[in-house]
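Structure record follows, encoded as structure tokens.
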Number of protein chains: 2
Amino acid sequence: MRKRGYPLSEQLMDALEERGYRDTAPRRTVARAIAEKERHFAAEELREQLPGIGRATVYRSLKILVEAGALCRVLLEDGNLHYQLSHRGHHHHLLCVECGASEDLMGCDIEDRLESVADAHNFQVSGHWLEVYGKCQTCRAELPASA
Amino acid sequence: MRKRGYPLSEQLMDALEERGYRDTAPRRTVARAIAEKERHFAAEELREQLPGIGRATVYRSLKILVEAGALCRVLLEDGNLHYQLSHRGHHHHLLCVECGASEDLMGCDIEDRLESVADAHNFQVSGHWLEVYGKCQTCRAELPASA
DNA sequence: TCATAAATGATACCTGGTATCTGAAGACGA
DNA sequence: TCGTCTTCAGATACCAGGTATCATTTATGA
Ligand SMILES: [Mn+2]
Ligand SMILES: [Mn+2]
Ligand SMILES: [Zn+2]
Ligand SMILES: [Zn+2]
């Protein structure tokens with residue numbers, strides 16, 4: 001996602017324009033708010049930050065940004081769904097259960113690895129959802145007792 | 001989960017009693033309804049079937065049955081969460097996107113396989129969530145064109 | 001049997017959406 | 001620049017899937 005040279009919020013707008021969506025003031029506002037997020041966030045959290053924007057518009061923007069690949073959904077260990085700026089294309093997340101940090105994991109070969117077990121069930125794999133939970137580098141260092 | 005000899009609904013109640021929950025009429029009613037389910041189901045679907053049971057009771061029952069390991073949550077490809085009778089212990093699901101059939105996948109070694117990539121990120125894996133989508137044996141046979 | 005703790009169900013509230021609709025704003029050709 | 005056409009915005013209502021509160025009922029076991 002992140003490229004140097006011009007604002008992230010513009011890159012989000014570009015991703016929408018590429019898909020034929022118009023460049024509107026509310027969408028720019030949403031894009032700017034998302035671009036400032038340093039971590040995954042809940043939909044409602046974003047909406048609270050944007051009292052001037054209609055609820056439906058916030059949710060619609062999230063939806064089309066996910067479709068455009070600019071945002072991805074992250075399933076937290078507690079079952080809550082968050083949104084996050086992320087790499088395009090298929091990938092997974094290493095989610096720290098201590099601090100919430102999330103690291104993208106590119107280069108997924110899960111389906112290759114599932115081949116043999118799926119074959120045994122005569123099941124043809126076409127997709128998957130994987131989230132990985134644990135402790136990040138920083139949190140391991142801070143809590144050496146349980147690291 | 002399923003053992004021979006006595007009703008599945010009784011096994012659900014047993015799972016609750018093992019955890020110190022009381023044997024009550026509403027819980028038996030919920031357990032009986034769940035025991036009759038041949039597929040994963042939505043919470044609201046179950047509630048509609050049980051108009052005599054309070055909404056909170058239905059949701060509380062689902063929650064404690066999941067905690068007791070008698071039920072598991074299944075994340076469908078469309079993002080909806082369903083519940084399903086299932087094996088105890090860690091496992092995954094092969095979910096057919098055509099017919100909705102779900103097959104349990106025991107013997108998960110995902111975390112072992114993630115070791116090396118997690119190590120590269122200095123990340124200590126403690127858990128994961130995986131759902132596998134595709135086409136089941138039956139649906140592959142019925143639609144040979146795209147199988 | 002009876003005290004106690006736990007469970008129920010009504011109600012209200014919350015998050016995360018979607019459907020519908022009217023009016024506003026963008027795109028674009030003349 | 002204007003008019004038209006389409007999309008979009010925001011209000012509102014609604015839905016699914018929950019949780020918190022609390023008064024009343026029920027199960028359990030001493
Ligand atoms: Mn991501
Ligand atoms: Mn299962
Ligand atoms: Zn961390
Ligand atoms: Zn199938």
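Going from atom CZ of A/Arg27 over to atom OG1 of A/Thr24 covers 5.0 Å, rounded to the nearest 0.5 Å.
Here the P atom of nucleotide D/dA9 and the CZ atom of A/Arg28 are 12 Å apart, to the nearest Å. When the C1' atom of C/dG16 is taken as reference, atom CG of A/Leu65 falls 17 Å away, rounded to whole Å. Atom CD1 in A/Ile53 sits roughly 13 Å away from atom P in C/dA25 (whole-Å rounding). Rounded to whole Å, atom P of C/dT18 lies 12 Å from atom CD1 of A/Ile64. To the nearest angstrom, P of D/dT7 lies 11 Å from CZ of A/Arg27.
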* Asked: When every nucleotide of nucleotides 14-30 of chain D is labelled 5' to 3' by its protein contacts under 4.0 Å (heavy atoms), B for base, S for sugar-phosphate only, - for none, what sequence of letters results?
  -> ---BBS-------BS--
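Across all strands, B/Gly79 comes closer than 4.0 Å to no nucleic acid atom at all (heavy-atom distances).
The residues A/Glu10 and A/Arg28 are annotated as salt-bridged, a charged nitrogen and a carboxylate oxygen being separated by less than 4.0 angstrom. Between B/Glu45 and B/Lys37, at least one side-chain nitrogen of the basic residue sits less than 4.0 Å from a carboxylate oxygen of the acidic one, meeting the salt-bridge criterion.
Scanning for side chain to side chain contact (heavy atoms under 4.5 Å, CB included) contacts around A/Asp78 gives A/Leu76, A/Asn80, with sequence neighbours left out.
Side-chain contact check for B/Tyr83 and B/Arg73: at least one donor-acceptor pair (N or O, by modelled atom type) lies under 3.5 Å. Donor-acceptor pairing under 3.5 Å is recorded for the side chains of A/Glu44 and A/Tyr59.
Ring centers of A/His90 and A/His128: under 6.0 Å apart, within the cut-off.
Judged by distance alone, the side chain of B/His40 and the main-chain N or O of B/His82 form no donor-acceptor pair under 3.5 Å.
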Atom pairs under 3.5 Å: protein N/O with N/O of nucleotides 28-30 of chain C:
none

